[in-house]
Structure formats: C-alpha cells, structure tokens
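Numbered from 1 within each chain, the chains take letters A, B, ... in sequence-line order.
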2 protein chains.
Amino acid sequence: MATQQSQQRRPRFLRHTRQREAILRVLRTTHEHPTADWIYQEVRKEIPHISLGTVYRNLKILTEMGEARELTFGSSYSRYDGDPTPHYHFLCDECGKIEDLDMPVMDSLESQAAEWTDGRITSHRLVFHGVCAECQKQQQ
Amino acid sequence: MATQQSQQRRPRFLRHTRQREAILRVLRTTHEHPTADWIYQEVRKEIPHISLGTVYRNLKILTEMGEARELTFGSSYSRYDGDPTPHYHFLCDECGKIEDLDMPVMDSLESQAAEWTDGRITSHRLVFHGVCAECQKQQQ
DNA sequence: ATACGTGCAAACGCTTTGCACTCTC
DNA sequence: GAGAGTGCAAAGCGTTTGCACGTAT
C-alpha cells in the first residue's frame, strides 16, 4: 500500500547541454505551466531532433534540483512550473488553466498543522479551485 | 494548451448494485486513502468476479456525486478519500502515506485569495509535506 | 578517455472504453 | 421492457527506459 519513493542513482555531476539549457529557458520564459509535450514542441523549434524522452529526463532532473516544480492536479498529465519560489495556484475547473497567485505565502500554516500530526512538516501546497474570469464571461 | 474538462453524458438516474454498494462501503470503512487497485482487491473478497473497470467507473461516479474525493499527489496513480467532508492532508515524502488532519478548515483563505485573482473561487486544497513519525524513527 | 546525455522506439502502468450480456427499476 | 451497470479484454496515453551513439568535461 505504502508507495516507497523510487530511489534512482544520480550522476556524480551534471553536464551542460544545448537540450537542457533550451528546456530550462522555455520553462523560465513561460507562465503557462506547460505540459512536457508543450515544452517538447517549443524546444523543437530550436532543436528539431530533440526527443520527448530527453524532455522528460531533464524535467525530472530540473525538478529534483529545485529549478522547477511538477504540478499534478488531476490524474492525467503533469504540468511544470518554471518559478521555483514558493507560491500558491488558482486552478480553473472549467478550462484547466492554472494561474499563479501573488498572495503572500503563509508559513504559519505549517506550525498550525504541526499541532495535528506527529510528522515533521517541511512544506505545504495550497491550491484554489474555481472558475477563471474568461470562463465566467462565456457562461453568461 | 488549456485542458478542456471532458464532458461525458450521465445516465438519467442511478441504480443500486451490489458492486457500487460494496465499493462505497470499502471506501467508507478505510482511512488508508486507497488506490483503485487496493479497493478492487478488497471488494473482490466479497464479489470475486468484479472487474477493475467497474471499480474505476464507480469511483468516478461516486466522486462526481461528492461521496468521495480523488487525491492526485504525484503523477502516478490516484488515491481515493472516502471522507467527503472538507479537510486537509499530510503527505509523507518518504513512504507516500497520506494522513487526514483534524485541524479546522480555514475558509478565510479563499476570501484572501480572491483579492489576487479575477476568478471566482469555490474551494481550496491544502496539503502539507514532510516526514511521518514512522519514517523519522527509521532514519535514526 | 570517461561517463553523462541523447535519440529512437519499445515497454510500462494506470485508466478508459467498446461490446455483449445482466440486472435493477 | 428499457436502459443503466457489469465483465472482459483491448485500447489509450502520458511517462519511463534500454541501448547504441554522441558529446561535454
């Protein structure tokens, strides 16, 4: 039942490659919270022969390095957030769009929650659900 | 890019079946936040010929009816929460265990967040990450 | 020279779905 | 009897991975 985290061996050092740089650049310059495939399509404009596997591999490494965050709302595919600083999200239940919220991060939530568990809390994620402005207009 | 929510036709009314009742009962009587497959194995003790597809179909219906919640932490499989009342979760990053937190739900977060988006907020999800008590012991 | 990274394609694994049959209402 | 639900198996589909080759250090 308990899902043990997969412990895979990492290389002793990381290399700089065109592919890795391009992927990180795309991640940094979009606020769309893109999917792996969207990033793939985007990077392909610059490196046409790049493979989707390479995109996934690098996204995993970048996430582990703390350069990106993997967002897994919904059971289908992952989205990636190129802003590694802590922040909250708003998810539109109609169109699936994800917005970053500039509201302050409340670390006090963690100390509050600490009183209700024996576990040691290291971080938290807060996601608001609702209907974005665009979808509200369409519903009228 | 925007992931349109899949709008599938629902039947005009729901029927009571042994399978649906058994699945809901398993969901209600466990606090393990089980996966679909775990529920399948459990229900199979009572209805040996039930199929995994039936479990998935009913979990989807029960979730849409608000009788259960689908938890999608991590990109792999979904877990299901048989407690439909709002509450927060603690997720152990070591072993993957999910705990319910009895701490009060803070609806004020939604009104705070509303000031930072044009969207209409209808709900929120708060998940704390860290290391559970059991895993902390093992690390010593 | 070493060993990390890539491309390609096949494999994986959770989830969904088509179809014929069954069962609830 | 109508049509919702089921079992079975195949298909779907995002993601991972094995392998041989390329390439950064």
Side-chain angles (χ1 to χ4, degrees), chain A residues 1 3-24 26 33-41 43-44 46-65 67-68 70-80 96, chain B residues 1 3-26 33-41 43-65 67-68 70-80 96:
Chain A
M1 184 73 227
T3 312
Q4 198 66 34
Q5 235 65 354
S6 65
Q7 196 76 19
Q8 77 181 60
R9 42 211 147 291
R10 287 277 79 146
R12 291 197 291 273
F13 52 90
L14 291 182
R15 285 186 176 155
H16 283 240
T17 63
R18 291 178 58 212
Q19 289 85 342
R20 184 163 298 163
E21 280 178 22
I23 290 168
L24 185 55
V26 167
H33 305 84
T35 62
D37 192 69
W38 189 90
I39 296 170
Y40 170 57
Q41 302 298 346
V43 174
R44 213 143 67 124
E46 179 184 338
I47 311 176
H49 55 79
I50 195 174
S51 78
L52 190 51
T54 295
V55 173
Y56 275 107
R57 273 185 289 239
N58 278 295
L59 285 174
K60 185 167 221 172
I61 290 174
L62 290 170
T63 300
E64 290 176 357
M65 285 170 37
E67 296 296 322
E70 186 181 3
L71 306 178
T72 55
F73 314 142
S75 54
S76 48
Y77 32 71
S78 290
R79 289 160 170 277
Y80 293 86
Chain B
M1 181 73 227
T3 311
Q4 198 66 33
Q5 235 66 355
S6 65
Q7 196 77 17
Q8 76 181 63
R9 42 212 146 291
R10 288 277 79 151
R12 291 199 289 273
F13 51 90
L14 291 181
R15 286 187 173 151
H16 283 239
T17 63
R18 290 178 59 212
Q19 290 85 343
R20 185 164 297 163
E21 280 178 22
I23 291 168
L24 185 55
R25 191 176 340 113
V26 167
H33 305 84
T35 62
D37 192 69
W38 189 90
I39 296 169
Y40 170 57
Q41 302 299 345
V43 175
R44 211 142 69 122
K45 297 174 183 172
E46 179 185 338
I47 311 175
H49 55 79
I50 195 174
S51 78
L52 190 51
T54 295
V55 173
Y56 274 107
R57 273 185 289 239
N58 278 295
L59 285 174
K60 185 167 221 170
I61 291 175
L62 291 171
T63 300
E64 290 177 356
M65 287 170 34
E67 296 295 322
E70 186 181 3
L71 305 178
T72 55
F73 315 143
S75 55
S76 48
Y77 33 70
S78 290
R79 288 160 171 275
Y80 294 86

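Protein atom CZ of B:Arg79 is 16 Å distant from nucleotide atom C1' of C:dT15, rounded to whole Å. The distance from atom CD of A:Glu70 to atom C1' of D:dG14 is 11 Å, rounded to the nearest whole Å. A straight line from CD1 of B:Ile61 to C1' of C:dT24 spans 14 Å, rounded to a whole angstrom. Atom-to-atom, OH of B:Tyr80 to P of C:dC14 comes out at 12 Å; the value is rounded to the nearest Å. For the pair A:His49 NE2 and C:dG5 P, the computed distance is 17 Å after rounding to whole Å. Atom CZ of B:Arg44 is separated from atom C1' of D:dC8 by 13 Å (rounded to the nearest Å). For the pair B:Tyr40 OH and C:dC14 P, the interatomic distance rounds to 13 Å; values are reported in whole Å. The CG-C1' distance, from B:Leu62 to D:dG5, rounds to 13 Å in whole Å.
Remark: B:Arg15, B:His16 in residues 13-24 of chain B come within less than 4.0 Å of DNA chain C through at least one heavy atom. Within residues 51-58 of chain A, the residues having any heavy atom under 4.0 Å from DNA chain C are, by residue number, A:Ser51, A:Thr54, A:Arg57, A:Asn58.
Inter-residue side-chain proximity for A:Arg44 and A:His49 is flagged as unmet; no heavy-atom pair is nearer than 4.5 Å. In this structure, A:Val26 and A:Glu46 have side chains that are not in contact, with every pair of non-hydrogen atoms separated by 4.5 Å or more. Side-chain contact between B:Lys60 and B:Tyr56 is absent, with no heavy atoms from C-beta onward closer than 4.5 Å. Between B:Thr72 and B:Tyr77, the closest side-chain pair of non-hydrogen atoms is not below 4.5 Å.
Here CD of A:Glu67 is found 12.0 Å from CD1 of A:Ile61. Values are rounded to the nearest 0.5 Å. Rounded to the nearest 0.5 Å, atoms CD (A:Gln19) and CD1 (A:Ile47) are 4.5 Å apart.
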Stepwise side-chain contact (heavy atoms from CB on, under 4.5 Å) check, B:Ile50 with B:Tyr40: CA-CA 8 Å; B:Ile50 195 174; B:Tyr40 170 57; 4.0 Å; yes
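For D:dT15, one of the phosphate oxygens OP1 or OP2 lies less than 4.0 angstrom from a side-chain nitrogen or oxygen of A:Ser78.
Legend: residues meeting side-chain hydrogen bond (donor to acceptor under 3.5 Å, both in side chains) with B:Arg20, ordered by chain and number and at least two apart, are B:Asn58.
A salt bridge does not link A:Glu70 with A:Arg79: none of the charged nitrogens is closer than 4.0 Å to a carboxylate oxygen.
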